[in-house]
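Proteins come first, then strands; the chains are lettered A, B, ... in the order of their sequence lines, and each starts at number 1.
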Amino acid sequence: MTGRPNEEAASLFAEMALLMELSGADRFRVLAVARVARVLEAMPTDICDVPGARSGEDLSALVALEGIGESSARRIAEWCRTGRITDLEQLREGIPPGLIAILDLPGVGPALARSLWQNAGIVDLDGLEKAIADGRLEGIPRLGAKTIENLRQAIAERRRGAERMRLGRALPIAESIAAQVRALDGVDRVEIAGSLRRGAETIGDIDLLCVAEDGPAVARAFVTLDGVSRVLAEGSTRASVMRDEGIQVDLRIVPARAFGAALLYFTGSKQHNIALRQRAIDRGMHLNEYGLFKGPSRGAGDAQGRPVAAATEEAIYGKLDLPWIAPELREGETIAPPVPSDTLVTVEDIRADLHVHSTASDGSMEVEEIIRLARARGFHSIAVTDHSRSSVQANGLDVDRLHVHAARIRALAAQCRGVRLLAGSEVDILADGRLDYDDRTLGGLDLVVASPHAALRQSPDSATARLLCAVRHPRVHILGHPTGRLIGRRRGLEPDIRAIAAAAAATGTALEVNANSLRLDLRDAHIRIALDAGALIAINTDAHAPEQFDQLRYGILTARRGGLPADRCVNAWPARRLHAWLKDKSGEARRA
DNA sequence: GCCGTTTTCGGCCCGACTGTTTTCAGTCG
């Protein structure tokens, strides 16, 4: 099983929720269906393997799943048997598909989308754009000039390709804006919150939180900063702008005493907030962005008295009988993290980079520079792993060049103090699973990273067989960027990660989390599967230039989202343990 | 649509801001 059927079912339920919204369905029903989609997505095993799902005779096992009731169980069973959901198909017949793109515009919810459709006959983005240009929207109830102008801008921004932004681009932008806000009068503290703080691989907007007493003044200053292209909202406790960088930035302004509650609320995820607030209610309290309070909520604007906890996240989690939970683990329906947050790997834990390119193939660094940078970072080991011969586009090394290169690295290593320099290779895994060098050549290296670079569109079965060959190869230490995906550009391979992880655990081969922000491969969900299977993880930068060593933090964030404890990450091991593993990976894996 | 150490009915997290409104629905996070 590749795990794909659950994703397909999840996307159908997600579509159903959207269509229900557009059809004017009760919002709680919509939420319930959307929740089914998330449950299916998060499910570790094939939904159709649940007893009764394929036969459709006894749905009690499906109904027993959290969030799935009679209706959803029936729809899931129908999908498992026929690959169709009749209720969804009926919804599709009644609602123009182009409305979903309109609903997706910022500022457009189900009510407005429906109104545009029913009052103006608009069924897609092009139609909406024309109607605005023609002035056909005037006179529609509750649709004034401001709203029409906002629609026009939202379409223009969408057309400019305001897609989700990669973590590696968004975080530096956020840090620079945070510095601008920090410099404003009356601002005491600024933190990045939202999906960026959770380390999501792509983000939709930047959320900032700051401490200040004079909210309106700070909001005013924020919306007039350099780089603001449009003001979306401005109030006394929050403001929201579009920036020249093509991303929306929301600022929330709070007093210091409520900082923890605000940070918790503004970090999310939405699901995590809902779960925490429910937990508060279960304990006779209520939670909002100002704190955790005794008794039930009495509505907005009510004086809430003295909070049970508010100043720090730790205090609020504590009063809810929870340990502090790292932002990277605040995803999904369940609160309980897979591992204690204080065991998660950190940037400071990393003592070695085992995947780096030099000028011998397509890197810009001489080996001497690589050594210097490793030393500056306090690494005890660094591996030079240039490309192999099949990666012609990357100036991959044939066997003769590899011998010369490795000999030079070894000569430098002999006189290198403080850092152990490893002669390695990033060897191509060919489409059929063979490696790009013979075993004898590979056996002469200190470290072998095996990675797929070509034939990245092969079938899941072929990809699985291909990667299994590499994982089981006795000379391979690390499976590099296992899927070859590029975020937002290339899907990459879709192998059976469970099978790969099981083989990696059995052979002591580590699976790489490639820290390059375009890759982040393995991704968070795959890391969790690998850890459950007992596999080791490597976090490498795959640096081709000096500044790319800084991408390590993106790999760390991704690994933390996957629940990686430091002791399962080979790069965090002490030198002796790492080198014992490199010499005898299966033996060291058995001891681990 | 889902769910139940108050429940098989009546709730469902909570608050800020906008726009088109004379008191609030819609949207967002």
Considering only the P atoms, how many Å lie between dT18(B) and dG4(B), rounded to the nearest integer?
39 Å
How long is the gap from CG on Asn514(A) to OG1 on Thr483(A), to the nearest 0.5 Å?
9.5 Å
Using the C1' atom as the reference point in each nucleotide, state the distance between dG10(B) and dG15(B) in Å, no decimals.
23 Å
Of all of residues 212-226 of chain A, which get a heavy atom below 4.0 angstrom from DNA chain B, listed by number?
none
If each of Leu105(A) and Glu289(A) is mapped to the nucleotide of DNA chain B with the nearest heavy atom, which maps nearer the 5' terminus, i.e. the 5' end?
Glu289(A)
Residues that Asp226(A) engages under side chain to side chain contact (heavy atoms under 4.5 Å, CB included), provided they are two or more places apart
Gln180(A)
Does atom CZ (Arg257(A)) have a neighbourhood of more than 12 heavy atoms from anything else shown, all under 6.0 Å?
no
Could you tell me whether the phosphate oxygens of dA16(B), OP1 or OP2, come under 4.0 Å of any side-chain nitrogen or oxygen in Ser236(A)?
no
Looking at CG of Leu116(A) and CD1 of Ile140(A), how far apart are the two atoms once the value is rounded to the nearest 0.5 Å?
6.0 Å
Rounded to whole Å, how long is the line connecting atom CG of Leu232(A) with atom C1' of dT18(B)?
11 Å
Report the residue (Gly107(A) or Thr237(A)) whose heavy-atom-nearest nucleotide on DNA chain B is the more 5′ of the two.
Thr237(A)
Across all strands, who's sitting opposite dA25(B) as a Watson-Crick or G-U wobble pair, both distances under 3.5 Å?
dT18(B)
Answer with base, sugar-phosphate or nothing: what part of the nucleic acid does Leu31(A) contact at a heavy-atom distance below 4.0 Å?
nothing
Is any side-chain nitrogen or oxygen of Thr147(A) closer than 4.0 Å to OP1 or OP2 of dT18(B)?
no
Looking only at heavy atoms, the pair that brings Leu520(A) and Gly555(A) closest together is CD2-N, 4.1 Å
Closer than 4.0 Å, any side-chain N/O of Asn273(A) to the OP1 or OP2 of dG29(B)?
no
Interatomic distance at C1', dC2(B) relative to dT7(B), whole Å:
13 Å
Which listed nucleotide (dT20(B), dA16(B), dT18(B)) is nearest to the side chain of Arg252(A)?
dA16(B)
For atom P, what is the distance between dT6(B) and dC17(B), given to the nearest Å?
36 Å
For Arg54(A), is there an ion pair with Asp49(A) - N to carboxylate O distance below 4.0 angstrom?
yes
Looking at every strand, decide which applies to Leu276(A) at a 4.0 Å heavy-atom threshold: base, sugar-phosphate, or nothing.
nothing
Please confirm whether the backbone N or O of Ile47(A) pairs with a side-chain atom of Asn6(A), one donor and one acceptor, at under 3.5 Å?
yes
Could you please name the option among dG19(B), dC17(B), dC13(B) that lies closest to any side-chain atom of Asn150(A)?
dG19(B)
With heavy atoms under 4.0 Å as the rule, sort Ala34(A) into base, sugar-phosphate or nothing.
nothing
Side-chain donor-acceptor pairs of residues 95-111 of chain A under 3.5 Å, sequence neighbours excluded:
{"unit_1": "Asp104(A)", "atom_1": "OD2", "unit_2": "Arg158(A)", "atom_2": "NH1", "d": "3.1"}

Write down the distance between NZ (Lys270(A)) and P (dT27(B)), rounded to a whole number of angstrom.
13 Å
On a whole-Å scale, what distance lies between the C1' atoms belonging to dC13(B) and dT8(B)?
24 Å
Sub-3.5 Å pairs of nitrogen or oxygen atoms, protein against nucleotides 21-25 of chain B:
none

Once side chain to side chain contact (heavy atoms under 4.5 Å, CB included) is applied, do any residues pair with Arg230(A), and if so which ones, sequence neighbours excluded?
Asn150(A), Gln153(A), Glu157(A), Leu232(A), Met242(A)
For Asn288(A) and dC14(B), what is the distance between atoms CG and P respectively, to the nearest whole Å?
8 Å
Applying side chain to side chain contact (heavy atoms under 4.5 Å, CB included), name anything that partners Ile281(A), two or more places apart in sequence or on another chain.
Gln278(A)
Decide, for dT7(B), between syn and anti: a glycosidic angle within 90° of 0 counts as syn, anything else as anti.
syn
Going from CZ on Arg75(A) to CD1 on Ile68(A), what distance comes out if it is rounded to the nearest 0.5 angstrom?
12.0 Å
Sequence neighbours left out, what passes side chain to side chain donor-acceptor pair (under 3.5 Å) with Glu70(A)? Give chain and number order.
none
Look at the rings of Tyr317(A) and His272(A) and say which category their plane angle falls in: under 30° parallel, 30 to 60° tilted, over 60° perpendicular.
tilted
Considering residues at least two apart in sequence or located in another chain, which fulfil the side chain to side chain donor-acceptor pair (under 3.5 Å) criterion with Asp250(A)?
Ser240(A), Gln248(A)
I need the residues from residues 320-327 of chain A with at least one non-hydrogen atom less than 4.0 Å from DNA chain B; give them sorted by number, or say none.
none
Looking only at atom C1', what distance separates dA16(B) and dG11(B), rounded to whole Å?
24 Å
Counting only side-chain N and O atoms of Tyr290(A), is one of them less than 4.0 Å from OP1 or OP2 of dC13(B)?
no
Rounded distance (Å) that lies between atom P of dG29(B) and atom CZ of Arg164(A)
11 Å
Regarding the side chain of Lys146(A), the nearest nucleotide among dA16(B), dC13(B), dG19(B) is dG19(B)
Spacing between Arg238(A) atom CZ and dT27(B) atom C1', to the nearest angstrom:
11 Å
Extract all donor-acceptor atom pairs below 3.5 Å that involve side chains of residues 189-205 of chain A and protein atoms in other chains or at least two apart in sequence.
{"unit_1": "Arg197(A)", "atom_1": "NH1", "unit_2": "Thr267(A)", "atom_2": "OG1", "d": "2.8"}
{"unit_1": "Arg197(A)", "atom_1": "NH1", "unit_2": "Glu313(A)", "atom_2": "OE2", "d": "2.9"}
{"unit_1": "Arg197(A)", "atom_1": "NH2", "unit_2": "Glu313(A)", "atom_2": "OE1", "d": "3.2"}
{"unit_1": "Arg198(A)", "atom_1": "NE", "unit_2": "Glu331(A)", "atom_2": "OE2", "d": "2.7"}
{"unit_1": "Arg198(A)", "atom_1": "NH1", "unit_2": "Thr267(A)", "atom_2": "O", "d": "2.6"}
{"unit_1": "Glu201(A)", "atom_1": "OE1", "unit_2": "Arg485(A)", "atom_2": "NH2", "d": "2.9"}
{"unit_1": "Glu201(A)", "atom_1": "OE2", "unit_2": "Arg485(A)", "atom_2": "NH1", "d": "3.0"}
{"unit_1": "Thr202(A)", "atom_1": "OG1", "unit_2": "Arg164(A)", "atom_2": "NE", "d": "3.0"}

Whole-Å P distance, dG1(B) and dT5(B):
23 Å
Extract from the structure each pairing of a protein N or O with an N or O of nucleotides 1-6 of chain B at less than 3.5 Å, listing the distance.
{"unit_1": "dG1(B)", "atom_1": "OP2", "unit_2": "Arg29(A)", "atom_2": "NH2", "d": "3.0"}
{"unit_1": "dG1(B)", "atom_1": "N7", "unit_2": "Arg29(A)", "atom_2": "NE", "d": "3.2"}
{"unit_1": "dC2(B)", "atom_1": "OP1", "unit_2": "Gly69(A)", "atom_2": "N", "d": "2.6"}
{"unit_1": "dC2(B)", "atom_1": "OP1", "unit_2": "Ser72(A)", "atom_2": "N", "d": "3.4"}
{"unit_1": "dC2(B)", "atom_1": "OP1", "unit_2": "Ser72(A)", "atom_2": "OG", "d": "2.7"}
{"unit_1": "dC2(B)", "atom_1": "OP2", "unit_2": "Ser71(A)", "atom_2": "N", "d": "3.4"}
{"unit_1": "dC3(B)", "atom_1": "OP1", "unit_2": "Gly67(A)", "atom_2": "N", "d": "2.5"}

Nearest whole Å is fine: how far is dG15(B) C1' from Phe266(A) CZ?
12 Å
Rounding to the closest angstrom, what is the interatomic distance between dT23(B) and dG29(B) at atom C1'?
24 Å
Among all residues two or more places apart in sequence or in another chain, which pass the side chain to side chain contact (heavy atoms under 4.5 Å, CB included) test with Ala239(A)?
Ala219(A), Phe222(A), Val223(A)
With the side chain of Ile274(A) defined as its heavy atoms from C-beta on, choose the nearest nucleotide among dC13(B), dT27(B), dT18(B).
dC13(B)
